[in-house]
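These notes are about the structure you will find just below.
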There are 2 protein chains.
Amino acid sequence: MSRPTAHEVLAAVLQIRDGHLQVLAWQRAREPDAGRWALPGGRLRDDEDVEASVRRQLAEKVDVREIAHVEQLAVFSDPDRVPGPRTVATAFFGLVPSDADPALPADTAWHRLADLPPTAFDHALIVRDARERLRAKLSYTNLGFALAPHEFTISELRALYVGALGHPVSATNLQRVLTRRGLLQPTGAIAPPGPSGGRPAGRFRFTDRSLRVTDAFAVLRPPGEVARSAVP
Amino acid sequence: MSRPTAHEVLAAVLQIRDGHLQVLAWQRAREPDAGRWALPGGRLRDDEDVEASVRRQLAEKVDVREIAHVEQLAVFSDPDRVPGPRTVATAFFGLVPSDADPALPADTAWHRLADLPPTAFDHALIVRDARERLRAKLSYTNLGFALAPHEFTISELRALYVGALGHPVSATNLQRVLTRRGLLQPTGAIAPPGPSGGRPAGRFRFTDRSLRVTDAFAVLRPPGEVARSAVP
DNA sequence: GCACGTTTACGACTCATAGTCGAAAACAGA
DNA sequence: TCTGTTTTCGACTATGAGTCGTAAACGTGC
C-alpha cells in the first residue's frame, strides 16, 4: 500500500565563532540541490537508533569529542520535503564550545546564521528551529556550558551569550544569576589582561557539564524545594 | 543494504480526570503484546506528515475537537523497540480539557499514570516523557489552557495544577502569577457555590488558547521587553 | 615613578516578583 | 441569627533582578 519510506538524521551543529552564531554545513556536489549547503547527516542504519546514527554521521565531518551537547529537535516529515523517495528526517541540534576549532573536510565550512548561503531542501527550517531552541534553553538551563570553554572569564561568557541571543546582556547580572543558581564556580585562576591593559579577570567554570534545568514559575515547584533538577 | 523500516506515530493523550492525571490507551487484542495497553497511533501514510497522521489516527479513538493541544515529543528508534519489522516511532503528547468526556471505543479507556496497567512495547517510556513535558511546560508557558475548560474558578484551576504536578499549589500565587503575566482574565461571571456553601467563586478564562512562553532568566531577555512571545 | 585610560570586580540602592498570613466577603444549613 | 465553608483580597516580608557608581588591577606614555 505504501512506497518505501527512508529515514535520515540531520544535525544543526552550532558554535559561537568570532562573536557570531554559526552552523556547520557541507556543500552538495551532486543533484539534487547541487551547490547548495546541507546539514551533516544521512540514512539511519538498521542496527542503530537515531542518537547513535547522528553521532556516527557527525563523526564523518568533525571530531565528535568536540561536541558538548546533542539533543533531538523535531521530526521533519513533509511528504515532499526532498525529491525522490520519501524521506522522514529526525533533526538534532548540537553545540560546540567556542574554543574548539575542529578540522573539517574540504566541502564543509561554518556559516553565520545571519548570512546563510542557499541551503538544501528544508535544512534552513532546521537551522531556524535549532537557533530558537538554543535561545530558549539558555534562559532556563545551564546550556551555556556547551558554548563555553572549560574555563572562561565573565566577559568571555557574556560575549557568547550576546552572540547566541543577539541582544545585549549585563555581565553583572549574568554572573550573579548563574552563581546564585549554582551553575557557575570561580576556579581561582586569573586570566592575563588584554592588549590594552585592564584589570585581569577571574576565571570561572560551569559546575555541571550536563544539562540542568532551573526554575521558571516558582509557584509551580514543590514547596520548599530549591528547584534544580538534572535532566537525562 | 537495509531491511524495510516502517514509520509510525503514537500519542500520549493526557487529561485530568477525578483530580488525577490520566492517559488514553487501548487494549491490544492480538499478539504481540496481546492484552497489554497501547497508545493510539499507527503507520504513517505516504501523503501525510507526522502531525496530520497523529491527528487522523487519534480521530479513530476520540473526537479530535476535544483535544486542545498536540505537540511532538520525541522519536523512539531503538532497533528492537517492537518485534517484527523495524519501526521508528514519532511520539506526540496531547491534552484534553478536564470538562471534556469524549465517547470512546470499547477497547479504549483512561488510566491513571500513577496506576498504569501493563503497557505494550515501549509505550510506558512515552507516557513518562509526556508527563515530564507537561510538568515542565506548565511552569513556563500558558499550557494550563489545554487542561482547563473555557471558564473555571481559581479553585478548579488549582486542582488541575495539583493533579498534573503532583504537589500542592498556592491558589493565591497561582492567580497572581498567571494574572501578572497576562495569561488569565476574569470573565465577570460568578460560579454557584458548592454543596456545602461558601462564597461563590469568580470565573476566569485564559486570554490565549494557543501556546505562549513566558520568561525565565530575566537577564537573558532583550532589554526593555516584557518577554511574552507566541510560539508556533 | 606617576598620571591616564581600560577593564574587571563588587558593593549599594531600588524595583519587581513571589511566599505567607490573616481578615473580610458571600454563601448554605441549622 | 449563628456557625461552618469557601473564596477573595490586602498587607507584610523575602528574594531575585536591574542599575549605578566606585574601587581594584593592569598597560602605556610621559
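In this text, all values refer to a predicted model and were calculated from it rather than measured experimentally. What you see below is based on every heavy atom in this structure, not just the backbone, and it leaves out hydrogens, waters and symmetry mates. Proteins get letters first, then strands, A, B, ... in listed order; numbering begins at 1 in each.
In the set C:dT20, C:dA18, D:dT19, the nucleotide with an atom closest to the side chain of B:Ser170 is C:dT20. Among the nucleotides D:dA25, D:dT6, C:dT8, the one closest to any side-chain atom of B:Arg199 is D:dT6. Residue A:Asn173 has its side chain nearest to D:dT19 when only D:dT19, C:dC10, C:dT7 are considered. With distances taken from any side-chain atom of B:Ile154 to the nucleotides C:dT20, D:dA25, D:dT8, the minimum falls on D:dT8.
Note on B:Arg180: a side-chain N or O is less than 4.0 Å away from OP1 or OP2 of C:dT17. Residue B:Ser155 has a polar side-chain atom (N or O) positioned under 4.0 Å from OP1 or OP2 of D:dT7. Phosphate proximity of D:dA17 to A:Arg181: present, with a side-chain N or O under 4.0 Å from OP1 or OP2.
Between B:Ile190 atom CD1 and D:dT7 atom C1' the separation is 10 Å, expressed in whole Å. What separates CG of B:Leu157 from P of D:dT6 is a distance of 18 Å, to the nearest Å. For A:Leu174 and D:dG18, the CG to C1' distance is 14 Å, given to the nearest whole Å. Straight-line distance from the CG atom of A:Leu178 to the C1' atom of D:dG18: 15 Å, rounded to whole Å. Residue B:His167 contributes atom NE2, which lies 11 Å from atom P of C:dG19 at whole-angstrom precision. Remark: C1' of D:dG16 and CD of A:Gln175 are 16 Å apart, rounded to the nearest angstrom.
Salt-bridge check for B:Lys61 with B:Asp107: passed, with a basic side-chain N closer than 4.0 Å to an acidic carboxylate O. One finds no salt bridge joining B:Arg81 and A:Asp49 here, because no Lys/Arg side-chain nitrogen approaches an Asp/Glu carboxylate oxygen to under 4.0 Å.
B:Phe206 has its ring centre less than 6.0 Å from the ring centre of B:Phe152.
For A:Arg176 and D:dG18, a side-chain-to-base donor-acceptor distance below 3.5 Å is present, hydrogens and geometry of angles not being considered.
Counting only N and O atoms by type, the side chains of B:His20 and B:Gln22 include no donor and acceptor under 3.5 Å apart. Between B:Gln15 and B:Glu66, the side chains place no donor N or O within less than 3.5 Å of an acceptor N or O (distance only, hydrogens not considered).
Mapping B:Pro193 and A:Arg203 onto DNA chain C by nearest heavy atom places A:Arg203 at the nucleotide closer to the 5' end.
Across all strands, A:Thr172 comes closer than 4.0 Å to base atoms (heavy-atom distances).
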